[in-house]
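Right, one structure below, let's go through it.
Note that the numbering runs from 1 along the sequence shown for the chain.
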Amino acid sequence: MLDHLIQGATVVDGTGAPAFVADVGVRDGRIAVIAEPGTVTEPAATGEDARGRVLAPGFVDPHTHYDAQLFWDPYATPSLNHGVTTVAGGNCGFTLAPLHPGRPEDADYTRRMMAKVEGMSLVALEEGAPWTWSSFGEYLDALEGRVAVNAGFMVGHCALRRYVMGADAVGGQPTAEQLDEMVRLLHDAMDAGAWGLSTTQSSTHSDGDGQPVASRHARPEELLALSRAVAEHEGTQLEAIVAGCLDRFGDEEIDLLVEMSAAAGRPLNWNVLTVDAAVPERVPRQLVPSERARKAGGRVVALTMPILTPMNMSLGTFCALNLIPGWGDVLGLPVPERIAKLRDPEVRAGMLHHADSEEAGVFRRLARFDRYVIGDTYSEANAGLTGRVVVDIAAERGQEPFECIVEICAHDQLRTVLWPMPADNDPDSWALRAETWQHEDVLLGGSDAGAHLDRMCGAPYTTRFLGDCLRGRRLVGLEQAVKMLTDDPARLFGLRGRGRITEGHHADLVLFDPERIDAGKATLVHDLPGGSPRLDSKAIGVDAVWVNGVEVIRDDVVTGAVPGRILRSGRDTRTVSTK
């Protein structure tokens with residue numbers, strides 16, 4: 001007997017092939033039958049009429065930070081609501097394991113680092129996760145059997161360094177014996193199912209003490225030694241972040257990415273390729289590592305988002321504005337001192353100069369303060385400003401846009417929420433995106449779901465992209481769009497039996513209304529442990545989501561089932577050739 005029969009759906013199978021109408025039957029977590037409508041004779045325990053609906057494989061998000069959230073939210077919301085059935089975590093060099101059993105203070109360091117560098121709630125990290133593990137395998141075991149999504153994890157370079165070197169991981173260099181120990185730990189993690197190594201050399205990544213995170217101190221020989229270890233395990237990968245990911249790579253960064261991938265003989269992906277027609281030289285430069293890696297026996301894949309991710313800013317809490325060169329010192333001051341500095345015309349002039357400098361890279365886009373929209377306000381002086389554009393308010397007041405923002409925020413003791421309007425929402429930028437997506441080493445993704453929770457909401461990129469393809473710009477057709485969200489990332493990670501609707505594959509499925517599929521507006525909710533806030537977005541037009549054949553979402557509501565699996569390298573992934 002079938003467990004469930006979906007009748008008359010328009011099947012988009014993930015391969016890019018034309019859609020077709022069929023009945024799809026599920027049994028024991030797998031797709032058991034795909035047949036002409038009305039021809040399935042085997043009885044089913046449950047069924048539904050899916051005429052007029054699209055049935056697609058579950059979406060695969062290649063870049064998330066659900067490492068902690070899955071402990072208090074096994075449904076990985078809102079990603080699961082938006083059809084994401086498999087998530088890749090442990091990115092950017094940051095993982096919660098391994099933790100040295102003899103140094104309990106390392107868990108506190110890790111929590112504070114994650115709160116700072118990935119914008120996670122410290123209270124949620126402290127109260128929502130058990131922190132009972134030491135090895136990476138014990139961490140994976142702690143999640144096993146209690147999640148609604150399929151999840152695989154890289155092991156973070158920062159955790160490896162901290163385990164072996166302790167506090168010396170920040171600022172120090174390993175001895176030969178310590179490097180050997182790091183390699184051994186990485187082997188142990190991959191033996192337990194880690195997907196490979198993630199690392200960061202990005203200048204924007206600092207720990208809870210404001211110091212460059214541990215992996216930023218690693219020299220190329222350390223990174224290459226770890227990369228060679230990855231080569232010894234089936235179904236593994238590399239993920240790396242360098243400073244140039246935010247704008248344009250330097251020559252040494254290109255060399256490093258190429259050499260790491262070639263040393264491992266594995267794909268290396270990085271995040272995130274920003275496409276902007278106003279900077280036409282960026283995309284060609286960012287794809288140079290891909291071109292060179294192909295010749296060197298490696299493969300370097302750029303992740304890029306197919307939507308403009310909604311995010312908010314604030315002068316009161318840590319956000320992307322703090323990462324503009326020269327801004328961190330001012331925005332890190334106590335609030336009264338910060339307000340005084342921000343009201344100083346000379347200080348503002350200096351900050352604006354830094355924000356418009358070449359050094360600011362991609363963060364230059366944040367300096368268009370005339371294009372900011374005022375979000376939530378908290379004082380009588382700011383009544384009526386919510387939803388208004390700064391350029392209009394500044395003109396009424398005879399102020400410069402940044403000066404205007406400072407005065408509005410000062411009245412709220414810097415609690416004001418600011419929404420920047422993207423500068424790259426023009427037709428030329430969208431045409432350049434569509435062209436870039438066709439490159440063999442460009443993959444859709446980079447949501448950062450699970451991180452920067454109260455500042456950005458990238459998780460709904462799947463439904464918003466599909467809605468845009470069906471009823472908006474229509475930059476790619478439905479079949480290609482689904483392939484880009486399913487089979488393409490599944491193939492990059494070598495996922496076994498996932499990413500397509502075909503008999504025998506795992507029944508990770510999304511059923512949606514093509515006339516309505518979309519994502520709702522990002523809204524602030526306070527549902528994290530300790531009542532901490534995060535941005536959420538409702539899924540529109542998603543009828544149901546199944547993970548391993550079990551219904552986990554119905555009409556944007558979680559069912560409570562937790563059929564997800566912790567996907568382990570080798571067992572659940574196969575090696576992807578770089579040739």
Side-chain angles (χ1 to χ4, degrees), residues 63-71 88-99 105-126 128-129 131 139 153-163 165 167 169-171 197-218 223 239-246 270-272 303 309 311-314 316-325 327-329 331-332 361-363 366 446-458 528 532-535:
H63 189 103
T64 78
H65 290 278
Y66 277 125
D67 309 56
Q69 183 176 325
L70 285 173
F71 285 105
N91 287 295
C92 301
F94 307 124
T95 49
L96 310 188
L99 292 173
E105 66 272 18
D106 283 6
D108 176 66
Y109 172 85
T110 299
R111 288 189 290 266
R112 291 188 298 107
M113 179 184 70
M114 298 299 274
K116 175 69 176 295
V117 78
E118 292 296 347
M120 298 177 181
S121 161
L122 183 57
V123 173
L125 288 167
E126 291 172 339
W131 298 94
Y139 164 77
F153 298 90
M154 313 289 280
V155 61
H157 189 180
C158 289
L160 297 176
R161 256 187 161 243
R162 179 81 185 191
Y163 188 106
M165 300 175 66
V170 173
L197 174 76
S198 73
T199 189
T200 179
Q201 301 258 303
S202 174
S203 56
T204 64
H205 288 158
S206 299
D207 65 15
D209 301 317
Q211 299 301 310
V213 296
S215 65
R216 285 179 58 186
H217 303 276
L223 290 160
E239 189 264 352
I241 306 295
V242 297
C245 290
L246 291 172
W270 63 272
N271 179 51
V272 59
L303 304 188
T309 303
M311 63 178 64
N312 62 33
M313 301 292 165
S314 169
T317 56
F318 188 88
C319 68
L321 292 172
N322 294 65
L323 303 178
I324 298 174
W327 283 52
D329 292 341
L331 297 185
V362 73
F363 294 112
L366 299 179
S447 72
D448 258 2
H452 313 294
L453 297 177
D454 64 341
R455 291 288 161 228
M456 61 178 283
C457 193
L528 297 179
S532 301
R534 66 169 178 150
L535 286 171

Closest heavy-atom pair and its distance - [X], [Y]:
X: P533; Y: L453; value: O-CB, 4.3 Å
X: S532; Y: S121; value: OG-OG, 2.7 Å
X: L366; Y: A320; value: CD1-CB, 3.7 Å
X: A159; Y: T95; value: CB-OG1, 3.6 Å
X: V155; Y: P98; value: CG2-CD, 4.1 Å

Is any side-chain heavy atom of [X] less than 4.5 Å from a side-chain heavy atom of [Y]?
X: E118; Y: K116; answer: no
X: D448; Y: N271; answer: yes
X: F363; Y: W327; answer: no
X: R216; Y: S203; answer: yes
X: H63; Y: E239; answer: yes
X: D67; Y: F94; answer: no
X: H217; Y: V170; answer: yes
X: H205; Y: S215; answer: no

Output yes when a side-chain donor or acceptor of [X] lies under 3.5 Å from a complementary backbone atom of [Y], and no otherwise.
X: Q69; Y: G128; value: no
X: R161; Y: A169; value: yes
X: W131; Y: L96; value: no

| task | List the steps and the verdict of side-chain contact (heavy atoms from CB on, under 4.5 Å) for L223 and H157. | result | CA-CA 9 Å; L223 290 160; H157 189 180; 3.6 Å; yes
| field | For S206, all residues meeting side chain to side chain donor-acceptor pair (under 3.5 Å), sequence neighbours excluded | value |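 Not a single residue meets the side chain to side chain donor-acceptor pair (under 3.5 Å) criterion with S206.
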| request: Could you list the residues that satisfy salt bridge (Lys or Arg N to Asp or Glu O under 4.0 Å) with D454, not counting sequence neighbours? | output: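 With sequence neighbours excluded, D454 shows a salt bridge (Lys or Arg N to Asp or Glu O under 4.0 Å) to no residue whatsoever.
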| task | Check whether the side chains of T200 and S202 place a donor and an acceptor atom closer than 3.5 Å, and report yes or no. | result |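 Per modelled atom types, T200 and S202 side chains form no pair under 3.5 Å.
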| said: Could you check whether D209 pairs with R112 (Lys NZ or Arg NE/NH1/NH2 to Asp/Glu carboxylate O, under 4.0 Å)? | reply: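 Yes, this pair counts.
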| With R162, the side-chain hydrogen bond (donor to acceptor under 3.5 Å, both in side chains) member among D207, D106, T110 |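 Output: one option passes, namely D106.
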